[in-house]
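Below: one structure, written as structure tokens.
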Amino acid sequence: MPPNAEIAGRTAAAPGTALYDAVALRAIEARAAAELGDAYVLMQRAGAAAWSELLNHWTRAFRLLVVCGPGNNGGDGYVLATLARQSGRDVSVLRLPGHAPRSALARRAAAEYAQAGGATLAFDGELPAADVVVDALFGIGLSRAPDAASADLIAAINAHPAPVLALDVPSGVDADSGQAHVAAVIAQRTLEFIAPKAGLRSGAALDHVGALAVARLQLDPEHYGVEAVAEALGAADLGRWLRPRRRDSHKGRNGRVLCVGGDHGHGGALLLCAQAALRSGAGLLDAATRAAHVAPMLARLPEAMPRAVESGEELAAAIDAADVVAIGPGLGQQGWGRALYARVLASAKPRLFDADALNLLAAQPRALPADCVLTPHPGEAARLLGSAAAQVQADRFAAVRALVDRYGCAVVLKGAGSLIAAPQRRTRLIAAGNPGMAVGGMGDVLSGAIAALLAQGLDAFDAASCGALLHAVAGDEAAREGGERGLLPSDLMPWLRRCANPRGAA
């Protein structure tokens, strides 16, 4: 690690947006209710916030259908329905047969709705016409797949032509894991109560929540001493790490990265990794690859210093000169790739493992030093854990922590809402990126960005976090410029440079 790294030691800024799970939120609710003396105050606030959200986004909506469950989420829906009815709207409340309000708070809210002249319908397989449908079925109270009757109701909600406002959590989505069951509401907007939920920002949940907003209900989670389970990072957080460089900077101060990979037919992967490392601020870039790829790399990227290596022994000098080694892009799993992998694995340098380097690691798992970074996609993560990709996606938060526990280093679990975890660190979530980035080669760009930041002095967790965020934000900017479909990894290169120099960073 370069002793005078430009951005080392500058990571004490305030954290990003705190994210919570259902256990934490229930604790906050209980403590707030005790403080207020009446838990119904919170339900009234939630219903009022939901009514305000509906008015703000569907100002001309007159016919409202509020689908209420038997718990407190349904109670929030009854409060909204009462307020809407008092405003002169045509309101229908609908519930499943036999699903009358069960909690004391929900019964109280339903009684007030009935006293205001509101009627409640039983679901008979069809939903009445409406301009907006409000999903107040389950909230954070559901941690299993909906039963058959609930699944039928959810299917009817999704088939309804009106937009859907989900209260707290779209029904059928797990607020902790982000898993979306086969029956899960697809909302246009979701209004969360009290605090943002971790599970709504990663994986399958992203196709169900629509636009997210948070109604704090006049509560501050920190006041109640409840710990967040993760933090979300957005574009504004780049300035936490990417500060202006010193006037007397030189290339040696900005780190030397060695990229290893590019077996026959896969030279482009290593080129993308190398170019991304330079565009993310690395001072020097070496590339160890097949002889056939040296000339093309020099032609495309003259700033790189590629060399042909045919054995692990030939790689030794390059490793010794490097501050950080990134191995995996285009590496392959044949004899050549295995030899280079074994040499890198035996070194003591900070290392990033991607692509086939992860597959080789999965074949012979071992703990790694804390200064290493793994960057698996769900399939690679499954191999590293000896599980299946579907299991990884069913609970991405649990999967990334399991990877940290098994390998002992920083991990980036790629995908929609990428997650970064490390020993003794709170998990981070990247609240950026877009579907256009689902194309071969994007992971190679990510590897280069992270390796460059690691070489510039960030520790493994911060380099992984900043690199993943930089990569996602650059992808968003590139998509904004030309659209998501057809976005190429090389399209990110100019944006990596621009986003790595955020305005206002001090």
Side-chain angles (χ1 to χ4, degrees), residues 17 19 158 163-164 166 170 172-174 177-182 184-190 196-213 230 232-238 268-269 272 276 329 354-355 375-382 389-390 392-397 399-400 412-420 428-450 464-465 467-496 498-499:
T17 302
L19 304 177
N158 289 338
V164 177
V173 174
D174 189 299
S177 69
Q179 180 183 17
H181 296 287
V182 174
V185 167
I186 299 172
Q188 278 62 54
R189 301 191 68 84
T190 298
K197 292 155 193 68
L200 299 191
R201 287 161 171 80
S202 187
L206 292 171
D207 282 322
H208 291 263
V209 297
L212 284 167
L233 301 176
D237 290 298
L238 284 172
L272 288 169
D354 185 30
T375 59
H377 58 55
E380 292 161 344
V392 171
Q393 290 296 83
D395 193 337
R396 288 169 54 80
F397 289 89
V400 76
V412 179
L413 178 55
K414 296 183 288 193
S418 291
L419 301 177
I420 302 93
R428 288 170 174 160
L429 180 149
I430 303 302
N434 63 81
M437 299 175 74
V439 61
M442 279 292 177
D444 305 318
V445 175
L446 173 64
S447 293
I450 295 173
S465 302
L469 179 60
L470 175 62
H471 177 254
V473 172
D476 284 343
E477 293 294 341
R480 191 172 292 115
E481 183 180 55
E484 293 180 1
R485 186 171 282 109
L487 182 67
L488 296 179
S490 54
D491 294 334
L492 270 62
M493 298 305 171
W495 289 107
L496 285 175
R498 294 171 193 173
C499 297

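Please read all numbers here as calculations on a predicted model, not as lab measurements.
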Between [X] and [Y], which heavy-atom pair has the shortest distance, and what is it?
{"X": "A381", "Y": "P376", "answer": "N-CB, 3.6 Å"}
{"X": "L429", "Y": "F397", "answer": "CD1-CZ, 3.9 Å"}
{"X": "D491", "Y": "G486", "answer": "OD2-O, 4.1 Å"}
{"X": "L487", "Y": "G436", "answer": "CB-O, 3.7 Å"}
{"X": "L206", "Y": "G417", "answer": "CD1-N, 3.9 Å"}
{"X": "G443", "Y": "K414", "answer": "CA-NZ, 3.8 Å"}

Atom [atom1] of [X] and atom [atom2] of [Y]: how far apart are they, to the nearest 0.5 Å?
{"X": "M442", "Y": "H471", "atom1": "CE", "atom2": "NE2", "value": "5.5 Å"}
{"X": "D476", "Y": "L492", "atom1": "CG", "atom2": "CG", "value": "9.0 Å"}
{"X": "D237", "Y": "T17", "atom1": "CG", "atom2": "OG1", "value": "7.0 Å"}
{"X": "L19", "Y": "K197", "atom1": "CG", "atom2": "NZ", "value": "10.0 Å"}
{"X": "Q179", "Y": "R396", "atom1": "CD", "atom2": "CZ", "value": "13.0 Å"}
{"X": "D444", "Y": "T375", "atom1": "CG", "atom2": "OG1", "value": "9.0 Å"}

Mind checking side chain to side chain contact (heavy atoms under 4.5 Å, CB included) for A449 and listing every partner two or more places apart, or none if nothing turns up?
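Testing A449 for side chain to side chain contact (heavy atoms under 4.5 Å, CB included), a comparison that skips the adjacent residues, returns S280.
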
For E484, what residues pass the side chain to side chain contact (heavy atoms under 4.5 Å, CB included) criterion, not counting sequence neighbours?
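Partners of E484 under the side chain to side chain contact (heavy atoms under 4.5 Å, CB included) test: N434, P435, A479.
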
Donor-acceptor contact present, side-chain [X] to main-chain [Y], <3.5 Å:
{"X": "D207", "Y": "A204", "answer": "no"}
{"X": "E380", "Y": "H377", "answer": "yes"}
{"X": "S202", "Y": "G199", "answer": "no"}

Side chain proximity check, [X] to [Y], heavy atoms < 4.5 angstrom:
{"X": "R201", "Y": "L212", "answer": "yes"}
{"X": "V173", "Y": "V185", "answer": "no"}
{"X": "V392", "Y": "L413", "answer": "yes"}
{"X": "L238", "Y": "L469", "answer": "yes"}
{"X": "V445", "Y": "L496", "answer": "yes"}
{"X": "L233", "Y": "S465", "answer": "yes"}

Let me see the working for M493 and L272 under side chain to side chain contact (heavy atoms under 4.5 Å, CB included), right down to the final yes or no.
CA-CA 9 Å; M493 298 305 171; L272 288 169; 3.9 Å; yes

